[in-house]
**Q** 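I am attaching a structure below and will ask some questions about it afterwards.
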Amino acid sequence: MNEIETLFNQGADMMPWLVDSVINLAIGLVIFFMGKFVAGKVAHWCEKRLLKASVDQAVAGFASSILYALMFAGIALMALGQVGVETTSFIAILGAAGLAVGLALQGSLSNFASGVLIILLRPFRSGDFIDAGGQMGTVNRIELFHTYLRTPDNRVIIVPNSSVMNGSIVNFSRETTRRLDLVVGISYDADIRLAKKIMEEIVSADERILKDPKCLIAVSELADSSVNFFLRPWVASGDYWTVRADLLEKIKYTFDEQGVGIPYPQMDVHVHKQES
C-alpha cells in the first residue's frame, strides 16, 4: 500500500512537468509550422516587390531563397528553444556538425558560392538564352544551388551553379545585334555574278537586315563540287532564327527561278578501256 501511494505521489509530482512539456512541444510545433508558412509567404512577397522594382527576376529569386533559408533557420531555433533544447549549446553543436557536413558536401557549397558569383558578376540575366554547363536554354531563375533553364521545346533543365561557373558561358542575348554566318554553294557552271546579285537583292529587300554593319557577300571557297559564298548579314538578336530561315528559303526559290544551280556532292569516274 505504501508503494502504491509512493508511485501515486511521484506521478502527481510529474504531472505538472509532463503537462508543461506537452504544452511546450505543441507550442514549438505551432511555431515551426506557422513560422515555415510565414517565411514562405514573406519570401514570395519580397520576390514580388523586387520584381515590381524592376530587379532582374534571377536576382529576385536568389534573394528570396536566401531570405527563406535565414528565416527558416531562425524559426527552427525558436521552436527548439520553446521545446526546451538549450539553443546556445545546440548552436555550438551545429557549428561543429556544420564543419563536418561542409567537408562532406563540398559540391553543394561550391554550388552556393557559384550562385553568389553569378549574382555578383551577372554573366547573364533572366530571359537570356545561354549555353552553359553543357546545356542550352533561356534562363528562368537562379536559386541557391541551381540555375533553371527552359529549352525552346519547353523542357526545364536544372544545372548546378558550379557547372555554370566552371565552364565557358555563351550568352546569345547579351548584345542587341547578331551576325548570320551562312555558306551558300552554287555549281561551277552557274553565273557567279548573277548569284551574287540575287543574294544582294534579297538582302536589300528584307527590312529586318541592318544596313550598318554592311552585309558581306563574297566567294569564300572553290570547293570540290561547288563555288561557296559567304553570306553575313547583321540582324537584331530576336530576329536571328526567323531571318536565317527566310533567307535560305528565298535564296533557294530565286536560284531555281533564275537557273542558278545548287549542286549535290558528286564524283566523276573515268573508265579507260585497255586494248588486249
Side-chain angles (χ1 to χ4, degrees), residues 51 53-59 117-142 147 149-154 164-165 167-263:
L51 291 175
S54 300
V55 175
D56 185 65
Q57 184 178 355
V59 177
L117 288 176
I118 290 172
I119 295 301
L120 293 177
L121 301 179
R122 307 295 293 280
F124 51 80
R125 300 170 181 267
S126 178
D128 285 355
F129 189 83
I130 66 170
D131 181 356
Q135 303 292 339
M136 295 180 67
T138 302
V139 179
N140 189 15
R141 63 186 287 121
I142 303 167
T147 295
L149 304 179
R150 188 177 298 277
T151 63
D153 58 346
N154 208 31
V164 174
M165 291 301 294
S168 299
I169 301 173
V170 181
N171 191 333
F172 297 96
S173 305
R174 173 62 66 89
E175 302 297 331
T176 57
T177 60
R178 287 183 64 186
R179 189 184 72 182
L180 281 165
D181 289 340
L182 302 178
V183 177
V184 180
I186 64 172
S187 60
Y188 270 93
D189 56 359
D191 188 338
I192 292 179
R193 295 184 183 87
L194 176 59
K196 185 174 182 179
K197 180 182 177 183
I198 290 172
M199 287 186 282
E200 288 174 345
E201 290 175 350
I202 291 174
V203 168
S204 298
D206 196 326
E207 296 180 354
R208 296 169 298 179
I209 295 176
L210 304 177
K211 306 303 179 184
D212 186 25
K214 187 178 179 180
C215 174
L216 172 64
I217 304 175
V219 175
S220 63
E221 182 184 14
L222 299 178
D224 294 337
S225 303
S226 64
V227 178
N228 293 334
F229 281 86
F230 279 141
L231 177 59
R232 294 178 173 175
W234 287 83
V235 297
S237 296
D239 294 333
Y240 182 89
W241 292 108
T242 55
V243 174
R244 185 181 190 277
D246 290 347
L247 274 181
L248 292 175
E249 182 178 343
K250 289 176 183 177
I251 289 171
K252 176 64 171 67
Y253 284 147
T254 311
F255 277 7
D256 289 345
E257 293 171 358
Q258 299 291 330
V260 177
I262 299 177

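Along the sequence shown, the residues carry numbers beginning at 1. Here the structure is a predicted model, which is why all the values come from computation and not from measurement.
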**Q** Rounded to the nearest 0.5 Å, what's the gap from CG on Leu210 to CG on Asp239? Could you check?
**A**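 Result: 8.5 Å between the selected atoms.
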**Q** Let's go through Ile209 and Val243 carefully: what are the C-alpha distance in whole Å and the side-chain angles of both, what is the deciding distance for side-chain contact (heavy atoms from CB on, under 4.5 Å) to 0.1 Å, and is it a yes or a no?
**A** CA-CA 8 Å; Ile209 295 176; Val243 174; 4.1 Å; yes
**Q** Starting at CG of Leu216, measure out to CH2 of Trp234 and round the result to the nearest 0.5 Å.
**A** 11.0 Å
**Q** Please tell me if the side chains of Val184 and Phe255 come closer than 4.5 Å, counting only heavy atoms from C-beta onward.
**A** yes
**Q** To the nearest 0.5 Å, tell me how far Arg244 CZ sits from Thr242 OG1.
**A**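 Spacing of CZ (Arg244) from OG1 (Thr242) equals 11.5 Å.
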**Q** With rounding to the nearest 0.5 angstrom, report the NZ to CZ distance, Lys196 to Phe229.
**A** 7.5 Å
**Q** How many angstroms lie between CG in Asp256 and CD1 in Ile262, if you round to the nearest 0.5 Å?
**A** 6.5 Å
**Q** Output yes when a side-chain donor or acceptor of Asp128 lies under 3.5 Å from a complementary backbone atom of Arg125, and no otherwise.
**A** yes
**Q** Please round to the nearest 0.5 Å and tell me the distance separating atom NZ of Lys250 and atom CD of Glu201.
**A**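 One gets 13.0 Å once the value is rounded to the nearest 0.5 Å.
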**Q** Is Asp181 salt-bridged to Arg179, going by a charged N under 4.0 Å from an acidic O?
**A** yes
**Q** So do the side chains of Ile130 and Ser173 get within less than 4.5 Å of each other, counting heavy atoms only?
**A** no
**Q** For the residue pair Ile198 and Val260, establish whether any side-chain heavy-atom pair is separated by less than 4.5 Å.
**A**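 Yes, at least one pair of side-chain atoms sits under 4.5 Å.
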**Q** Quickly, which of Leu182, Leu231, Val203 forms a side chain to side chain contact (heavy atoms under 4.5 Å, CB included) with Ile251? Name it, please.
**A** Leu231
**Q** Check Leu117 against Met165 and note the closest heavy-atom contact, atom names and distance.
**A**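 Scanning both residues completely, I find the closest heavy atoms to be CB-CE, 4.0 Å.
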**Q** With heavy-atom distances below 4.5 Å as the criterion, would you say the side chains of Gln135 and Asp131 are in contact?
**A** no
**Q** Quick one: does any side-chain atom of Asn228 pair with a main-chain N or O of Val219 as donor and acceptor, under 3.5 Å?
**A**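 Here the side-chain-to-backbone pair does not exist.
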**Q** Answer yes or no: is there a side-chain heavy-atom contact under 4.5 Å between Tyr240 and Leu180?
**A** yes
**Q** What pair of heavy atoms forms the shortest contact from Ile118 to Ile142, and how long is it?
**A** CG2-CD1, 3.5 Å
**Q** Within the 4.5 Å heavy-atom criterion, are Phe172 and Met136 side-chain neighbours or not?
**A**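 Contact flag for Phe172/Met136 side chains = yes.
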**Q** I need the minimum non-hydrogen distance between Ser126 and Asn140, along with the two atoms involved.
**A**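 Looking at all heavy atoms of both residues, the closest pair is OG-O, 3.4 Å.
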**Q** Could you pull out the closest heavy-atom pair between Arg178 and Ser237, with the gap in Å?
**A**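 So the two residues come closest at CG-OG, 3.6 Å.
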**Q** Looking only at atom types and distance, does a side-chain atom of Ser225 sit under 3.5 Å from a main-chain N or O of Ser187, one as donor and one as acceptor?
**A** no
**Q** More than 12 heavy atoms of other residues, nucleotides or ligands under 6.0 Å from NZ of Lys211: yes or no?
**A** yes
**Q** Near Tyr188 OH, under 6.0 Å, is it more than 12 heavy atoms from other residues, nucleotides or ligands?
**A**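 Yes.
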**Q** Does a side-chain N-to-carboxylate-O contact under 4.0 Å join Asp246 and Arg208?
**A** yes
**Q** Within a reach of under 6.0 Å around CZ of Arg232, are more than 12 heavy atoms found that belong to other residues, nucleotides or ligands?
**A** yes
**Q** Can you confirm whether Ile202 sits close enough to Leu247 that some side-chain heavy atom of one is under 4.5 Å from a side-chain heavy atom of the other?
**A**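 Yes, close enough: below the 4.5 Å cut-off.
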